[in-house]
Amino acid sequence: VGVLDADVTGPSIPKLLGVRNTPMGTPDGIIPCQSAELGIRVMSVNLILDDPAKPVVWRGPLIGNVLKQFWEDVSWGELDVLLVDLPPGTADAPLTVMQTMPLDGLVMITSPQGLAGLIVEKACNMAKMMNVELLGLVENMSYAVCPDCGKKMEIFGPSHAAEVGERFDVPLVAQLPIDTRVAILGDAGRLEEYDEAAVLDPLVEGLLSRLGEKVTVED
């Protein structure tokens with residue numbers, strides 16, 4: 001698995017996965033860094049800055065050129081999956097990725113509030129304009145589980161994800177809970193150690209199923 005961090009102005013993938021070394025340049029291309037636990041290959045702007053805390057104050061064309069280099073000049077090797085982590089919205093980064101990379105599809109991430117749904121709808125419409133398939137919709141921070149009684153609590157109100165999914169004919173493949181372990185492990189750079197199968201399996205199986213359908217149709 002590889003992760004291309006396309007959130008150029010707010011990169012977070014290296015921090016979450018505990019990747020701190022610098023990518024190596026070779027005649028065959030840039031060698032991406034790898035995470036310690038699972039060997040996930042990572043390319044991110046934060047890995048090439050002399051100070052990760054410095055802001056990336058770049059205009060759109062420069063952001064687009066960097067993302068093209070991350071795709072064309074990085075020697076990703078043999079991968080089963082390359083994930084491209086996009087910032088929210090419909091600005092330069094998503095546009096560059098949709099125009100320059102042969103995507104199998106997009107996974108839309110939302111949260112329960114109706115306001116978040118409005119932003120996701122814009123991204124869904126952009127994907128349709130660019131003829132990029134929507135593989136699935138994932139609702140993050142969907143609920144919290146009381147540690148004492150096990151009751152599910154809708155902290156951010158009732159979900160609107162199903163409505164968005166119906167409007168764009170995209171399945172809701174997972175509703176992820178608020179889990180303090182995600183925050184703790186992410187802050188420690190150990191997100192790979194999160195292993196709650198009950199949470200992750202529906203997400204993985206839902207997306208693999210959608211990809212399988214797509215491959216079967218194309219074959």
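Contacts of D179 classified as side chain to side chain donor-acceptor pair (under 3.5 Å), with partners at least two apart in sequence or in another chain: Y194. Annotation: side-chain contact (heavy atoms from CB on, under 4.5 Å) contacts of E154 (sequence neighbours excluded): P158. Shown here are the side-chain contact (heavy atoms from CB on, under 4.5 Å) partners of V45, two or more places apart in sequence or in another chain: V8, L49, V56, W58, V66, F70. Partners of E205 according to the salt bridge (charged side-chain N to carboxylate O under 4.0 Å, His left out) rule, which considers only residues two or more places apart in sequence or in another chain, do not exist here. Shown here are the side-chain contact (heavy atoms from CB on, under 4.5 Å) partners of E192, two or more places apart in sequence or in another chain: L17, S35, E37, L38, I40. Considering only residues two or more places apart in sequence or on other chains, E166 meets the side chain to side chain donor-acceptor pair (under 3.5 Å) condition with none of them. By the salt bridge (charged side-chain N to carboxylate O under 4.0 Å, His left out) test, R20 is found to be paired with no residue, residues two or more places apart in sequence or in another chain being considered. Partners of P88 under the side-chain contact (heavy atoms from CB on, under 4.5 Å) rule, at least two apart in sequence or in another chain, do not exist in this structure. The side chain to side chain donor-acceptor pair (under 3.5 Å) search around Q99 returns none, not counting sequence neighbours.
D5 has its side chain out of reach of N46: every pair of non-hydrogen atoms, C-beta onward, lies at least 4.5 Å apart. Taking the side chain as every heavy atom from C-beta outward, T110 and I119 never approach each other to under 4.5 Å. Using a 4.5 Å heavy-atom threshold, the side chains of M43 and I48 count as touching.
In the hydrophobic clustering, L115 connects to L118, either directly or through intervening members, whenever side-chain heavy atoms lie under 4.5 Å apart. Members clustered with V145: Y143, by chain and number, using a 4.5 Å side-chain heavy-atom cutoff among hydrophobic residues. With a 4.5 Å cut-off between side-chain heavy atoms of Ile, Leu, Val, Met, Phe, Trp and Tyr, the cluster of M141 takes in M153, I155, F156, I178.
Atom NZ of K15 has more than 12 neighbouring heavy atoms from other residues, nucleotides or ligands inside a 6.0 Å radius.
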